[in-house]
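Note sheet for the following structure.
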Protein chains: 2
Amino acid sequence: MDKCTPESLLEGRNIKITRQRQIVLGAIIGTGKPFSASDLHDSLGSEMDLATIYRNLEMLCGEGIIRQVMNEKERQYYELACKHNPEHPHFYCNICGKIYCMKQDKPMRLKSRLPGDFTVEQTVLQYRGICPDCGKE
Amino acid sequence: MDKCTPESLLEGRNIKITRQRQIVLGAIIGTGKPFSASDLHDSLGSEMDLATIYRNLEMLCGEGIIRQVMNEKERQYYELACKHNPEHPHFYCNICGKIYCMKQDKPMRLKSRLPGDFTVEQTVLQYRGICPDCGKE
DNA sequence: GCCTAAATGCAAGTTGTTTGCAATTAAAAA
DNA sequence: TTTTTAATTGCAAACAACTTGCATTTAGGC
Ligand SMILES: [Mn+2]
Ligand SMILES: [Mn+2]
Ligand SMILES: [Zn+2]
Ligand SMILES: [Zn+2]
């Protein structure tokens, strides 16, 4: 139950702890919601260059500290990928574009996984991995 | 089992049947695979303006004649949405980027839904619809 | 404190997609 | 069939998300 901090997330990884990385990670830990690069940029009052944010998001993804959540309106969303936040499905509202995290309790009625009155219009199921062509090499 | 034609797909819809729409729909019907705007543009030997292709893809989507399949590498993929091609999951290869359509037989082992040796690395499950905030208006 | 590789900011470049506008065209009206 | 007109097209420019090159700064080992 030890809470994540910018330092705890980066420790033992041979990654420089820069001022901007502390700020970015602080913001990521601070929000519970999925976020895009420009969400971050805005929430930081544009005090950091967008290119720096993009470079750090890529790095954090590679390290498995954050994960890609959803690609919507040609914009990539991410969320923290620590032990407190295991993988789970998401609900995307076709009207306001908000992204809701769904609880991932194993055997459970759908109703209990989102609070309130959600109307599901589409269910998107995608598999990613290695195809036979690419598997043999 | 009547096969789709550009005309049959557009009929009764108050949409002008232009030369370029026949060509685009012909190409879409011709290929079984998901395609992007630039896939189409290339396959038509650049004989049609990309803007026209984008405008028509948007229109066809709105009409439910095609559907969005996947947003990958910041590029949108589509496929024909006629009665011969009901909704189904897709497999995206993390290496070559190919998109495979999966058969959607109801009760079935996963093995039988894709031919060959596919390694699943990620399963993406997304719901889209209307959230409670947007539902009450 | 000094040194060096890594990280940053800035500006410019890419790529996918959209938009404004004048010219073309499908198809409804005459 | 010819005329009319609103929709569609092509072209060029605009946009938005993201990436890259490069000179400058900085974290962290010495
Ligand atoms: Mn989530
Ligand atoms: Mn398919
Ligand atoms: Zn909503
Ligand atoms: Zn492959």
Side-chain angles (χ1 to χ4, degrees), chain A residues 5-28 34-63 65-66 68-78 92 97 99, chain B residues 5-7 9-28 34-63 65-78 92 97 99:
Chain A
T5 63
E7 293 72 21
S8 75
L9 289 171
L10 291 180
E11 82 184 346
R13 286 182 195 258
N14 219 51
I15 292 171
K16 273 194 194 175
I17 301 182
T18 62
R19 193 179 61 84
Q20 12 285 83
R21 281 179 181 160
Q22 290 174 272
I23 294 174
V24 164
L25 277 171
I28 291 175
F35 57 88
S36 66
S38 60
D39 287 343
L40 263 188
H41 190 242
D42 293 350
S43 80
L44 299 179
S46 309
E47 66 177 288
M48 192 176 314
D49 197 273
L50 248 184
T52 302
I53 292 180
Y54 278 111
R55 283 189 275 235
N56 276 312
L57 289 180
E58 192 194 18
M59 181 281 280
L60 292 170
C61 242
E63 292 291 322
I65 295 171
I66 61 175
Q68 300 187 185
V69 163
M70 212 179 253
N71 195 306
E72 267 316 317
K73 296 271 173 51
E74 54 226 28
R75 196 186 272 105
Q76 180 65 54
Y77 286 85
Y78 302 84
Y92 174 82
I99 296 173
Chain B
T5 63
E7 293 73 22
L9 288 171
L10 291 179
E11 81 184 345
R13 283 182 197 258
N14 218 49
I15 292 170
K16 275 195 193 175
I17 301 182
T18 62
R19 193 179 62 83
Q20 12 285 82
R21 282 179 180 160
Q22 290 174 274
I23 294 174
V24 164
L25 277 171
I28 291 175
F35 57 87
S36 66
S38 60
D39 286 344
L40 262 188
H41 190 242
D42 293 350
S43 79
L44 299 179
S46 308
E47 67 176 289
M48 192 176 315
D49 197 273
L50 247 185
T52 303
I53 291 179
Y54 277 110
R55 283 190 274 236
N56 276 312
L57 289 180
E58 191 193 18
M59 181 279 282
L60 292 170
C61 241
E63 292 291 321
I65 295 170
I66 61 177
R67 74 171 74 95
Q68 301 187 185
V69 163
M70 212 180 254
N71 196 308
E72 267 317 317
K73 294 271 173 51
E74 51 228 28
R75 195 186 272 106
Q76 180 65 53
Y77 285 84
Y78 301 84
Y92 173 82
I99 297 173

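Values in this document were obtained by computation on a predicted structure and should not be read as measured data. Naming convention: chains lettered A, B, ... in sequence-line order (proteins, then strands); numbering from 1 in each chain.
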Practice item. Could you tell me which residues satisfy side chain to side chain contact (heavy atoms under 4.5 Å, CB included) with Tyr78(B), sequence neighbours excluded, listed by chain and number? Key: Phe35(B), Leu57(B), Cys61(B), Ile66(B), Gln68(B), Gln76(B)
**Study point:** Opening and closing nucleotides of DNA chain D in contact with chain B, under 4.0 Å to non-hydrogen atoms
**Key:** dA6(D) to dC18(D)
Review point. When we call it a touch if two heavy atoms are under 4.0 Å apart, what does Arg55(A) touch: a base, just sugar-phosphate, or nothing?
Key: base
Review point. Side chains of Leu60(B) and Ile28(B): closer than 4.5 Å at any heavy-atom pair?
Key: yes
**Study point:** side-chain hydrogen bond (donor to acceptor under 3.5 Å, both in side chains) partners of residues 10-25 of chain B, not counting sequence neighbours, each pair once
**Key:** Glu7(B)-Gln22(B), Arg13(B)-Glu63(B), Arg21(B)-Asn56(B)
Review point. For DNA chain C, whose closest nucleotide is more 5', that of Tyr54(B) or that of Lys16(B)?
Key: Tyr54(B)
**Study point:** All pairs passing salt bridge (charged side-chain N to carboxylate O under 4.0 Å, His left out) where residues 38-57 of chain A contributes a residue, at least two apart
**Key:** none
Practice item. Calculate, to the nearest 0.5 Å, the distance between atoms CG and OG belonging to Asn71(A) and Ser36(A) respectively. Key: 11.0 Å
Check your understanding: Does the pair Ile65(B) and Leu10(B) meet the rule for a side chain to side chain contact (heavy atoms under 4.5 Å, CB included), with working shown?
Key -> CA-CA 8 Å; Ile65(B) 295 170; Leu10(B) 291 179; 3.9 Å; yes
Check your understanding: Could you give the start and end, 5' to 3', of the contact zone on DNA chain C for chain A, using atoms under 4.0 Å from its heavy atoms?
Key -> dA5(C) to dT17(C)
**Study point:** Interatomic distance, Ile23(A) atom CD1 to Leu40(A) atom CG [nearest 0.5 angstrom]
**Key:** 11.5 Å
Practice item. May I ask you to say what Leu50(A) touches in the nucleic acid, namely base, sugar-phosphate or nothing, with a heavy-atom cut-off under 4.0 Å? Key: nothing
Review point. Which residue pairs pass the salt bridge (charged side-chain N to carboxylate O under 4.0 Å, His left out) test with at least one member in residues 69-78 of chain A, sequence neighbours excluded?
Key: Glu72(A)-Arg128(B)
